[in-house]
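What follows is a short report on a single structure.
Letters A, B, ... mirror the listed sequences (proteins, then strands); counts begin at 1.
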There are 2 protein chains.
Amino acid sequence: MEALDRQIVQLLARDGRMSFTDLGRHTGLSTSAVHQRVRRLEERGVIRGYRASLDYEQADLPLTALISVTPFDPAAPDDVPERLTHITEIDSCYSVAGDESYVLLVRVASPSALEELLAKVRAASNVTTRTTVVLSTPWEDRSPIDRPDAVEVDETA
Amino acid sequence: MEALDRQIVQLLARDGRMSFTDLGRHTGLSTSAVHQRVRRLEERGVIRGYRASLDYEQADLPLTALISVTPFDPAAPDDVPERLTHITEIDSCYSVAGDESYVLLVRVASPSALEELLAKVRAASNVTTRTTVVLSTPWEDRSPIDRPDAVEVDETA
DNA sequence: CGTGAAAGTTAGAACTA
DNA sequence: TAGTTCTAACTTTCACG
């Protein structure tokens, strides 16, 4: 990816609502040049969308957990992610190296909602689960597009 | 949290760049009433910010990993998160129940960058680490504000 | 990639229940 | 306190050079 695109992506990773005008000021491009580049980044799928980053404790989903998933039958074809997409409580699904096959990041309202969710996961796919409850979140969603070689962001412009 | 606020939060969790005009159309409020509520949600910290959701494979940070962290000396005061904040490769830091104390979600450019990062983590805080490499990401950042009792989102309006 | 203009959005003041 | 309408300033979008 090109330096200018990387800079735009970096700025939007930190402030997803930054205007094209401001993106232009920071990058030295005209508004419409930025606009064009952002559209291309969205089309290419580098930018997949924009999200409000929430405090889930305040947003009525105070229980976060990490669920490690292992398929029961190692011989069966592994279509676990497809089988789980419909479960909306799952924020992220990672396929991982190690003893277990997947790690799911989930958000629920209560311990009993977590119990129900685990039942849903096991019902949808033939797996065993190991759940790690998140006690607190010192921080989240920092979008680390702060690469060592990244262009400096001019906070004053 | 109130139903209208929850609906606004839900809409912004899915589309962080939705205009106040559209938020008003979806909620039945005037643009400025929405504007006011969003400002209050930001002030109260329910909405912590807005982020572009990225495809990190395309964004030059193709290696994602989960690092489980255990303090070496269980008697020492536990200030691990503060000691790690400056490490920008760490996207999220969760304090967890279980054998280990924290789980870090990190993004780096390469295996050698991961090696350096682990050295930085161990240098900053007196901990042992266990790293789980993410092989692929079936999905991420779905912002599951789809609670069972949540108001239906009208996609047509 | 930039310019410029039309259409759309934001932010805030004044007002109302 | 929470909402509305009004309006000036700003932003987005797009055809064209």
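Rounded to an integer number of Å, the gap from B/L23 CG to C/dG8 P is 18 Å. Atoms CG (B/L12) and C1' (C/dT10) sit 14 Å apart, rounded to a whole Å. One atom, CZ of A/R25, and another, P of C/dG2, lie 15 Å apart when rounded to the nearest Å. Taking atom CZ of B/R44 as the reference point, atom C1' of D/dA2 lies 14 Å away to the nearest angstrom. The interatomic distance linking A/F20 (CZ) with D/dT11 (P) rounds to 12 Å, in whole Å. One can place CG of B/D22 at 18 Å from P of C/dA7, the figure rounded to the nearest angstrom. When rounded to the nearest whole Å, the span between CG of A/D5 and C1' of C/dC1 equals 14 Å.
The A/S32 side chain lies nearest to D/dC14 when the options are D/dG3, C/dC1, D/dC14.
Between atom CG of residue A/D99 and atom OG1 of residue B/T132 there is a gap of 8.5 Å, rounded to the nearest 0.5 Å.
Under the 4.5 Å side-chain heavy-atom criterion for grouping Ile, Leu, Val, Met, Phe, Trp and Tyr, A/Y56 is connected to B/I8 within one hydrophobic cluster.
Shown here is B/E42, whose CD atom has more than 12 heavy atoms of other residues, nucleotides or ligands within 6.0 Å.
Remark: B/R48 engages A/D141 in a salt bridge, criterion side-chain N to carboxylate O under 4.0 Å. Between B/E2 and B/R40 there is no salt bridge, since no side-chain nitrogen of the basic residue lies less than 4.0 Å from a carboxylate oxygen of the acidic one.
Among residue pairs with one or both ends in residues 109-123 of chain B, those qualifying as salt bridge (Lys or Arg N to Asp or Glu O under 4.0 Å) are B/E89-B/K120; sequence neighbours excluded.
Proximity of A/T21 to the phosphate of D/dT12: a side-chain N or O atom is located under 4.0 Å from OP1 or OP2. Residue B/S19 has a polar side-chain atom (N or O) positioned under 4.0 Å from OP1 or OP2 of C/dT9.
Judged by distance alone, the side chain of B/R17 and the main-chain N or O of A/G16 form a donor-acceptor pair under 3.5 Å.
For residues 34-41 of chain A, proximity to DNA chain D is found at A/H35, A/R39, defined as any non-hydrogen atom under 4.0 angstrom from a strand atom.
Ranked by how close their nearest DNA chain C nucleotide is to the 5' end, A/R17 and A/S30 are led by A/S30. For the pair B/T31 and A/T31, nearest-nucleotide mapping onto DNA chain D gives the more 5' position to B/T31.
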